[in-house]
Each structure stands twice: as structure tokens, then as C-alpha cells.
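Comments concern the structure below.
Letters A, B, ... are given to chains in the order of the sequence lines, protein chains preceding strands, and every chain is numbered from 1. Fair warning: this is a prediction, and the values are worked out from it, not measured in the lab. Hydrogens, waters and symmetry mates are skipped; everything else that's a heavy atom, side chains included, is used.
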2 protein chains.
Amino acid sequence: MRELGYVYNMGAARLRAERSHTVGVVVPNLTNPFFAELLGGMEASIDAAGLVMIIANSGDGPSRQAAVLQRMREHGVDGIILCPAADTPDDLARQVADWKLPMVQALRHVTDELDYAGANYAAGMEEAVEYLVSLGHQTICFAIHGPVHSAYQERIQGFREAMTRSGLRPDLVIAVPDRVDHVAQDAHMLFEQGRAPTAVICFNDLVAHGLAAGFYDRGLKIGHDISLIGFDDVTDAEAMRPRLTSVSTAPSGIGQNAAALLLDRIAQPTLPPRRCVSPARLHIRESCGPLRIS
Amino acid sequence: MRELGYVYNMGAARLRAERSHTVGVVVPNLTNPFFAELLGGMEASIDAAGLVMIIANSGDGPSRQAAVLQRMREHGVDGIILCPAADTPDDLARQVADWKLPMVQALRHVTDELDYAGANYAAGMEEAVEYLVSLGHQTICFAIHGPVHSAYQERIQGFREAMTRSGLRPDLVIAVPDRVDHVAQDAHMLFEQGRAPTAVICFNDLVAHGLAAGFYDRGLKIGHDISLIGFDDVTDAEAMRPRLTSVSTAPSGIGQNAAALLLDRIAQPTLPPRRCVSPARLHIRESCGPLRIS
DNA sequence: ATGGAAATTTAGATCGATCTAACGGGCGCG
DNA sequence: CGCGCCCGTTAGATCGATCTAAATTTCCAT
């Protein structure tokens with residue numbers, strides 16, 4: 001075989017066996033390091049199972065997402081890991097069921113009829129709020145960002161519930177610019193309309209990074225004049241100064257979970273839908289300090 | 001067709017037509033945001049051409065890389081974009097020619113017999129050195145990192161040549177830890193053995209980020225006590241304080257170039273090997289200042 | 001040595017898109 | 001009216017791995 005330079009023709013095998021040893025992965029955005037880590041985790045598990053990943057970008061839009069799913073179907077993928085784009089219609093599940101295509105939702109979910117791998121964003125958020133409360137903070141702001149989806153809503157909900165439970169105002173949810181490089185210069189938005197937060201929780205580490213720059217520009221010392229908490233713990237929080245306290249969602253682990261769910265479902269398509277929600281824990285570093293009475 | 005739920009069977013078409021509408025992409029590392037941007041650029045071009053990307057991780061090791069290439073070959077990809085792993089044997093080109101598989105090298109190159117898309121690292125490095133020299137710096141250090149490959153050597157060569165041309169010591173090339181989170185605590189290495197650099201150029205922005213943290217810990221003010229230049233301009237340099245001056249290599253554009261080269265070569269396999277080297281320009285921000293006489 | 005059961009080899013069918021060649025219908029011109 | 005040309009249609013072959021069934025061999029027991 002070696003002499004003749006034989007290579008196994010997976011395409012022919014697929015045609016006969018109806019198995020392509022291929023899975024599709026759809027993410028809203030390739031360049032966000034958060035998704036890059038997610039992909040890294042998936043790749044490891046999927047590769048170990050002897051399959052390859054076909055990857056595509058939905059651009060967080062339902063129409064592109066539909067086109068991409070169709071393309072993957074044509075390519076005969078054995079299953080799909082989908083991070084549903086914002087505004088994904090909820091008949092997605094029905095459609096996929098029609099297609100008899102194993103599928104798991106990652107990070108975000110639009111239906112309970114399909115598997116889901118994510119993190120417990122709400123619990124992580126609550127832990128962050130409780131930590132800030134324990135430091136004496138009362139005016140706590142949640143800086144949000146980006147398109148609306150389940151992971152977005154769970155964070156807001158976790159924030160509101162934890163704030164309410166602590167008897168604090170739950171409505172300080174402020175939208176900052178989507179473009180990360182504009183966040184710094186718009187950091188002043190947090191202090192408008194009579195708000196004077198002493199602590200800010202961010203939708204993700206990118207926002208935290210931008211706000212940290214904005215606070216620096218305003219002469220606010222992080223961990224002293226204002227406390228800052230990130231979310232995802234993915235950008236090198238360890239390399240920020242002061243080091244960024246962040247809610248760790250371990251995207252690489254979520255990727256592995258999603259891959260494991262998909263492999264199981266491919267093996268047993270009749271399994272009832274499962275949810276694999278990994279804990280999100282607050283990683284305390286140096287960006288938060290006790291409330292200063294001014 | 002819609003009523004019956006017909007889907008085009010790409011696998012069958014491939015078997016007959018010997019075209020899979022599939023390209024393989026091999027990178028050494030999925031989680032590095034630099035490669036994520038590269039993939040983003042490729043995805044756009046490849047998707048626009050109606051092909052899909054199969055993606056794999058070589059872990060920067062030749063043996064895994066060989067396995068991954070073999071797997072892609074079995075899957076019948078129409079071509080491959082490879083960022084060659086460190087220590088890739090140079091008979092790679094011969095092997096690929098035997099396989100009659102269109103292939104382009106991205107970011108790094110091991111042979112002139114295959115297409116290559118990259119950036120002019122040496123020129124970018126020279127621009128960085130000249131800029132520091134124009135600010136009066138004389139003791140300039142290059143902080144390197146990671147496995148050895150062509151992009152690594154071109155940067156070192158550019159540094160040495162530019163330093164020599166300016167009549168400065170070209171040998172201040174210092175290796176910092178590979179793990180980014182250890183760079184900060186090992187920043188002191190730069191000042192050992194009687195070296196007292198007043199400016200540091202970094203192998204990439206991750207190193208710059210780490211060193212910035214290390215300098216902060218030592219009480220050095222960046223842009224004042226010490227000047228710092230990054231490379232790649234990919235981590236949100238705009239969000240650092242002071243903003244990081246960095247040599248921009250535009251990985252997304254390199255990805256697009258690589259994709260374009262591959263599509264051309266698939267269309268015309270007999271084309272002579274081409275090289276597509278995009279310019280690398282210094283993006284000046286705030287992390288460098290004039291030499292202070294102490 | 002022969003029958004029957006088991007093991008192995010071999011021949012063909014299959015998956016679905018595509019390519020070729022043969023076939024048939026339509027039409028114009030002699 | 002008939003011959004030949006052109007066009008559209010259709011039947012079958014093809015790609016390569018795999019699955020089934022038939023054909024062949026092996027081997028043990030009677």
C-alpha cells in the first residue's frame with residue numbers, strides 16, 4: 001500500500017456508510033479570543049475521536065447561519081455544534097429534528113429540545129455581586145455589550161436577582177459600545193445621570209479591559225477608587241495591572257463538553273436532550289477593593 | 001425538491017468529480033488570538049468562493065502535523081493552507097508535490113517550492129529599531145519567545161541588521177518564558193548581566209503585555225523610564241495604558257492572501273510558486289518616549 | 001474416503017452525482 | 001416522401017469503500 005501511495009478515500013466510505021467522520025462547528029465570530037478558546041477545546045476532543053471539524057462563521061446573523069447550516073448538511077456532517085446567532089428563530093429545533101441531524105448548542109441556547117453545553121453564568125454573576133457586597137459596595141453597575149442572546153440574558157438576570165436579594169438597586173445595567181476600542185472613551189457613560197457606581201461588573205473581559213483603560217484616563221485607580229470585575233477570565237487577566245478579578249467560564253472546557261455531548265448523540269440519536277452546565281467561579285485577583293467612604 | 005427535502009450530496013459529487021469543495025487549514029495553535037484573526041480572514045475568502053474549511057491543530061509538532069495532513073488527504077481536500085510547525089522537515093515540499101495537493105504556506109515557510117503568504121517581518125522590525133534610535137535609544141533589547149521558525153528568524157535578522165546599521169550592539173536578544181503568564185515575573189531577566197536596556201522590542205504583543213506588567217511591578221513607567229514595542233498589533237493595543245506601539249502584521253489580511261493564493265493554485269496547479277509578502281508597519285502609539293539621561 | 005459444517009474467497013450490488021454514448025424525435029432539404 | 005442532421009432524452013457506467021451472498025476451500029468427524 002505504501003509503495004503505491006494508497007490513501008483511504010473517506011468520501012467513498014462516507015457515501016456507502018452514511019458516516020462522514022466530520023462535524024460542523026458554527027460560531028458567531030472567529031476572531032474573538034473567547035471563541036478561539038472554545039474551538040481549541042472542541043478540536044482536542046473531536047480530533048481524539050478521529051473526526052475532523054468543519055468550521056464556519058455565522059456573523060451572528062440568522063440568515064448567514066441558515067446558509068452555513070445548509071452547506072454543512074450538503075457536506076454530510078455527522079453532527080453540528082452550534083453557538084446560535086442572535087435572533088435565531090426557535091423553530092430551529094424542529095428543522096434540525098426534520099433533518100435528523102445530531103446537534104448541540106454551545107454557550108447559548110434557543111430551545112430545550114436540543115443538547116446544550118454552557119456555563120452557569122447566573123451563578124457566576126451572583127458570586128461576583130456577593131463578593132462586591134461583602135466588600136461594602138452598594139452602587140454596582142453592570143456594563144453590557146453586544147447582541148442579545150441567552151448567555152446575555154442569564155447574566156443580566158443573575159445580576160438583578162443578586163442585587164435584589166442584597167437589597168440594592170438592580171437596574172444599573174448600562175450598555176457600552178459594541179466596538180471594544182470605543183469602550184474606553186465612553187467610560188464616562190457609567191457616571192452619567194446621577195449614577196456614581198463604586199464597582200462595575202463587565203459583560204466580558206474585553207469590556208473590562210476597555211473600561212480599565214477608560215478609568216485610567218480619568219485618573220481613577222482600579223481596586224482603590226473603583227472596583228472592576230470581568231467575565232470569562234480569558235484575556236490574560238494575570239497580565240493586567242492590577243490583575244483583573246474575573247468570573248471564569250472556562251470556554252475550553254465548555255468546548256470539550258459540547259464535543260462530548262455531540263459524540264454521545266451521534267452514537268445514540270434517541271437520547272433525551274441533555275444540558276451540561278459547568279460552574280462559573282469568581283477568580284479573585286486584585287481589581288477590587290473595599291468601599292472607601294469619601 | 002423542497003417538498004421532498006432534497007439535499008445535494010456533496011460526497012457523491014466529490015467521488016465522481018474529484019473535487020470536494022473543501023480546503024484544509026493547519027495551524028500550530030487555536031487559542032492564540034493571532035491565529036484566530038488569521039483564520040477569520042481565511043474564512044471570509046474561502047466561504048465567498050463556496051468552499052468550506054476543515055481545521056486542525058498541529059500543536060507545533062511535526063509528527064502531529066503529519067498525521068493531520070494525512071487525515072486531510074483522506075478527506076479529499078482540494079488544497080491546504082499550512083502554517084508549518086516548528087521543525088517541519090524540508091522534504092515537505094517534495095511530499096506534497098508527490099501528493100499533487102495544492103498547498104500554500106502561511107506566516108512561516110520552509111521551502112521556496114510552495115506558495116507563501118506572510119508579512120515582511122524584517123522590514124517591520126527595522127522600522128521599529130529606527131524609530132527607537134530616532135528617539136535616542138542605544139541599548140535596545142529584543143525579547144523573544146516560543147519555537148524557532150522562519151517568522152522568528154526573520155524578526156531576529158531584521159533586528160540584528162537594523163542595530164548593526166545604526167552602529168549599536170545587535171546581540172541583546174533575550175529569551176523570555178514561553179508561558180505568557182510567567183513573562184511578567186521574569187521581566188528582570190532583561191536587566192541581568194550588566195544589560196540596562198532603555199527600550200525593548202517584543203516578539204509579539206503577548207510578550208509586550210507580560211513585560212508591561214513586569215515593568216509596572218518594578219515601578220518602571222512605560223514610555224518614560226522604558227520604551228516598549230509590541231509585534232502583530234493584535235491584542236487590543238488601543239486598550240493598554242499607555243497605548244502600545246506595535247508593529248502591525250494584519251493577520252486577517254495574511255489569511256485572505258493565503259486563501260487567494262490557494263484558490264488560484266487549485267484553479268491552475270501548474271503555476272510557478274508565488275510569494276505574497278504584505279508590508280508590516282509600525283503603529284506608533286504611546287509606549288515609547290525619548291531617551292532620558294539619568 | 002466422504003459428508004457436512006465452518007471458514008475463507010470472490011463476485012456483484014450499493015450509495016448519489018455526473019459523464020458518456022446510444023437512442024429517439026423533430027425538422028429541413030432534396 | 002425519405003434521408004440525414006441536430007437536438008433533447010435516457011440508460012448505463014463510473015468513482016471507491018463496504019456489505020451481502022454465492023462460491024470455493026478447509027477441516028473435522030463418521
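With rounding to the nearest 0.5 Å, the separation of CG in A/Asn57 from CZ in A/Arg64 is 6.0 Å.
No side-chain heavy atom of A/Thr111 sits less than 4.5 Å from a side-chain heavy atom of A/Asp90. Looking at A/Leu107 and A/Leu38, their side chains come closer than 4.5 Å, going by heavy atoms from C-beta outward.
The interatomic distance linking A/Met10 (CE) with D/dT18 (C1') rounds to 14 Å, in whole Å. Following rounding to the nearest Å, B/Glu74 (CD) and D/dG16 (C1') show an atom-to-atom distance of 13 Å. The CG-C1' distance, from B/Asn9 to D/dC15, rounds to 13 Å in whole Å. Protein atom CZ of B/Arg19 is 12 Å distant from nucleotide atom P of C/dC19, rounded to whole Å. Per the geometry, CZ belonging to B/Arg16 stands 18 Å off P belonging to C/dC15, to the nearest Å.
Using a 4.0 Å heavy-atom criterion, one finds that B/Ala13 contacts the sugar-phosphate atoms exclusively.
When distances are taken from the side chain of B/Leu15 to each of C/dA13, C/dG16, C/dT18, the shortest belongs to C/dG16. If you check D/dC15, D/dT18, C/dC15 against the side chain of B/Glu18, the one that comes closest is D/dC15. Across C/dT18, D/dT18, D/dG16, the shortest atom-to-atom separation from the side chain of A/Tyr8 is found for D/dT18.
Ring pair A/Phe231/A/Tyr121 is tilted by interplanar angle, where 30° to 60° counts as tilted.
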